[in-house]
Amino acid sequence: MTAIICIAAAVILRNDGRMLLVRKRGTDAFMQPGGKYEPGEDALTALRRELEEELGTGIAADFDAEKPHSLGRFSAPAANEPGHIVEADLYLMAAAAEVSIAAEIAEARWVSQDEALALPLAPLTRERILPLIWH
């Protein structure tokens with residue numbers, strides 16, 4: 001039986017149409033920021049906490065200013081945990097703040113569609129999110 005990892009994640013777009021992708025320390029794949037739920041958290045609570053931990057208070061302020069819009073729940077093979085499926089409650093939000101990487105994040109990039117497609121991407125990002133956002 002395949003193990004399922006439940007996360008909350010954000011598609012974060014800037015005014016210029018670039019999307020924020022992050023890469024965790026010790027990994028190669030870029031993906032949306034977000035992470036696993038802690039006990040008792042709903043999706044938005046988990047997402048806000050993860051964004052603040054990983055990207056700083058500026059992004060959390062953008063989150064608070066304009067609540068993210070739910071895009072639904074999506075699943076794909078997990079990028080960093082072989083044999084696992086990730087199920088993501090996915091939200092769309094705009095951001096004006098610069099990011100300040102922290103926690104397990106090694107790199108953050110604001111990318112165009114072409115730049116994203118040239119990167120090693122998590123299956124969820126490549127198979128589900130990019131076609132949804134840049135169709």
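Between L20 atom CG and I12 atom CD1 the span is 5.0 Å, to the nearest 0.5 Å. Distance check, rounded to the nearest 0.5 Å: CD of E50 to CD1 of I105 gives 8.5 Å. Y91 OH to L44 CG: the interatomic distance, rounded to the nearest 0.5 Å, is 4.0 Å. The distance from atom CG of L13 to atom CE of M19, rounded to the nearest 0.5 Å, is 5.5 Å.
The backbone N or O of S112 sits less than 3.5 Å from a side-chain atom of E115, completing a donor-acceptor pair. The main-chain N or O of P120 is never found under 3.5 Å from a side-chain atom of R23 such that the two would form a donor-acceptor pair.
A continuous path of ILVMFWY side-chain contacts below 4.5 Å connects L71 to L21, so both sit in one hydrophobic cluster. Cluster annotation: F30 is connected to V11 through the hydrophobic network of ILVMFWY side chains, with a link wherever side-chain heavy atoms come within less than 4.5 Å. Following chains of ILVMFWY side-chain contacts shorter than 4.5 Å, one can reach L117 starting from V111, so the two form part of one hydrophobic cluster.
The side-chain contact (heavy atoms from CB on, under 4.5 Å) search around T57 returns E52, not counting sequence neighbours.
Looking at heavy atoms from C-beta onward, E98 lies in side-chain contact with W110 at the 4.5 angstrom threshold. Put simply, the side chain of H84 does not reach to within 4.5 Å of the side chain of I4, judged on heavy atoms. With contacts defined as side-chain heavy-atom distances shorter than 4.5 Å, the pair M93/L51 qualifies. Counting heavy atoms from C-beta on, the side chains of I7 and E87 never come closer than 4.5 Å. Counting heavy atoms from C-beta outward, D89 and Y37 have side chains that approach closer than 4.5 Å.
Within a 6.0 Å radius of CG in N15, other residues, nucleotides and ligands contribute 12 heavy atoms or fewer.
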Exercise. Just do the side chain to side chain contact (heavy atoms under 4.5 Å, CB included) check on Q32 and V22 with the steps written out, would you?
Key: CA-CA 6 Å; Q32 273 54 52; V22 298; over 6 Å; no
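Salt-bridge formation is not detected for the pair E54/K24: no Lys NZ or Arg NE/NH1/NH2 atom is positioned less than 4.0 Å from an Asp or Glu carboxylate oxygen.
In terms of heavy atoms, K36 sits closest to R49 at O-NH2, 3.0 Å. Of all heavy-atom pairs between P123 and A76, the closest is C-CB, 4.0 Å. Taking both residues in full, the closest heavy atoms of A108 and V99 are given as CB-CG2, 4.0 Å, listed atom of the first, atom of the second, then distance. Taking all atoms of both residues into account, the shortest heavy-atom contact from A122 to A29 is N-CB, 3.7 Å.
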Show every donor-acceptor pair shorter than 3.5 Å between a side-chain atom in residues 59-69 and any protein atom, with sequence neighbours excluded, or say none if there are none.
{"residue": "D62", "atom": "OD2", "partner": "A96", "partner atom": "N", "Å": "2.9"}
{"residue": "D62", "atom": "OD2", "partner": "A97", "partner atom": "N", "Å": "3.0"}
{"residue": "D64", "atom": "OD1", "partner": "R48", "partner atom": "NE", "Å": "2.8"}
{"residue": "D64", "atom": "OD2", "partner": "R48", "partner atom": "NE", "Å": "3.2"}
{"residue": "D64", "atom": "OD2", "partner": "R48", "partner atom": "NH2", "Å": "2.8"}

What donor-acceptor contacts under 3.5 angstrom involve side-chain atoms of residues 126-135, with partners at least two apart or in another chain?
{"residue": "R126", "atom": "NH2", "partner": "L119", "partner atom": "O", "Å": "3.0"}
{"residue": "H135", "atom": "ND1", "partner": "L132", "partner atom": "O", "Å": "2.9"}

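No option in N80, L124, L121 other than N80 meets the side chain to side chain contact (heavy atoms under 4.5 Å, CB included) test with M31.
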